[in-house]
Amino acid sequence: MIILKNAHQLKKMREAGRISQLALLEGGKHVAPGITTEELDHIMHEFIVKAGAKPSFLGYGGFPATACISVNNEVIHGIPDRKHKIQNGDIVSIDVGAIYDGFNGDNAWTFAAGTVSAQAQALMDATRDGLFEGIKAARPGNRVGDIGHAVQTYVEALGYSVVRPFVGHGVGEDMHEEPDVPNYGRVGHGARLVPGMVIAIEPMINQGAKEVQTMPNGWTVTTMDGSLSAHFEHTVAITEDGPVILTAP
Ligand code: MG
């Protein structure tokens, strides 16, 4: 069942989204050669707690940290590690969420550490722009498939591939609600978008083939061919006036 949110609930979600976005920006500000992924996680943890919110990923399904930090060929669900130092040229995907007043915000961004290759920058740009293509399609009357189609056609035209087994989702009192929001799809297919729906749109885009695998730690997902992957996400409300990004400062 898709749970619609009223104006009062959307106001709370805007605050949860704001804190989530500020935590992500705070983490991103510190992405640089030499910092460890655990240090980045700690910075975001402190930020969320100081804002009076709760890190939503910590303990979720047993996840051991505040943020998922996935570097280079890691797609999602990278576990922060005190032994993992960021290197110059890395691309660092941070996915972080906060619960405030009972509601979730969820967002992700891929940051460049130092100077990255032109190819890495192009992948990041394409994934970010693909996210905004998806957001543009998130308006009443459209369907979930229109969002996926918008993302997919945009990134595939640039020669990239869309990760299939992991998708966006509804967001509310639960971090993962219905519906699933794939980053691929067909125009006019899937659940109809109506005002009051809140969804996380989160393209995970690979430089090479779309296939991914889960590492023995049970969490970290990497590209099968070792190519780079990028991940950008916003929590978006469907309103009469169109999409509104809730994970905004
Ligand atoms: Mg998400």
Side-chain angles (χ1 to χ4, degrees), residues 2-3 5 13-25 27-28 41 44 48 53-70 74-80 92-100 102-111 127-128 130-135 137-138 144 147-148 150-152 155 162-185 190-191 193 197-206 212 214 219-221 229-238 243-248:
I2 295 172
I3 303 166
K5 282 79 184 178
M13 291 203 72
R14 198 185 272 273
E15 187 57 18
R18 192 180 72 87
I19 294 168
S20 301
Q21 170 69 4
L22 291 173
L24 178 63
L25 294 174
D41 188 72
M44 288 180 276
I48 290 169
K54 219 182 99 189
S56 45
F57 295 7
L58 186 59
Y60 189 91
F63 190 76
T66 287
C68 298
I69 305 181
S70 310
E74 295 174 348
V75 180
I76 48 168
H77 301 167
I79 300 175
V92 182
S93 297
I94 299 179
D95 190 352
V96 67
I99 305 171
Y100 185 80
F103 285 88
N104 281 272
D106 189 5
N107 59 183
W109 205 260
T110 302
F111 299 95
T127 308
R128 180 201 58 219
L131 165 62
F132 285 101
E133 291 299 315
I135 292 172
V144 165
I147 297 172
V151 174
Q152 181 181 14
V155 301
V162 175
V163 171
R164 306 301 171 100
F166 300 93
V167 296
H169 49 90
V171 187
E173 292 182 83
D174 283 322
M175 181 162 62
H176 293 112
E177 295 185 354
E178 286 182 40
D180 281 351
V181 184
N183 300 295
Y184 54 92
L193 303 175
M197 277 175 72
V198 179
I199 54 175
I201 304 174
E202 52 172 322
M204 290 147 256
I205 304 301
N206 296 348
V212 295
T214 303
W219 281 105
T220 313
V221 175
S229 190
H231 181 206
F232 288 75
E233 172 183 33
H234 271 307
T235 300
V236 177
I238 316 294
V244 172
I245 296 173
L246 298 180
T247 38

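Only this structure's heavy atoms are used, side chains among them; waters, hydrogens and symmetry mates stay out. Start at 1 and go down the list; that is how both ligands and their atoms are numbered.
Here the closest heavy-atom approach between residue A98 and residue A16 is recorded as O-CB, 4.1 Å. Nearest heavy-atom pair, H231 versus T127, reported as atom, atom and distance to 0.1 Å: N-CG2, 4.1 Å.
Under the 3.5 Å distance criterion, the side-chain polar atoms of S93 are left unmatched by any main-chain donor or acceptor of T110.
For T66, the side-chain hydrogen bond (donor to acceptor under 3.5 Å, both in side chains) criterion is met by H45, not counting sequence neighbours. Applying the salt bridge (charged side-chain N to carboxylate O under 4.0 Å, His left out) test to R14 and every residue at least two apart in sequence or in another chain returns nothing. Residues passing the salt bridge (charged side-chain N to carboxylate O under 4.0 Å, His left out) test with K5 are E177, sequence neighbours excluded.
By the criterion of a separation under 2.8 Å, the protein N/O/S atoms near the Mg ion (ligand 1) amount to D106 OD2, H169 NE2, E202 OE2, E233 OE2.
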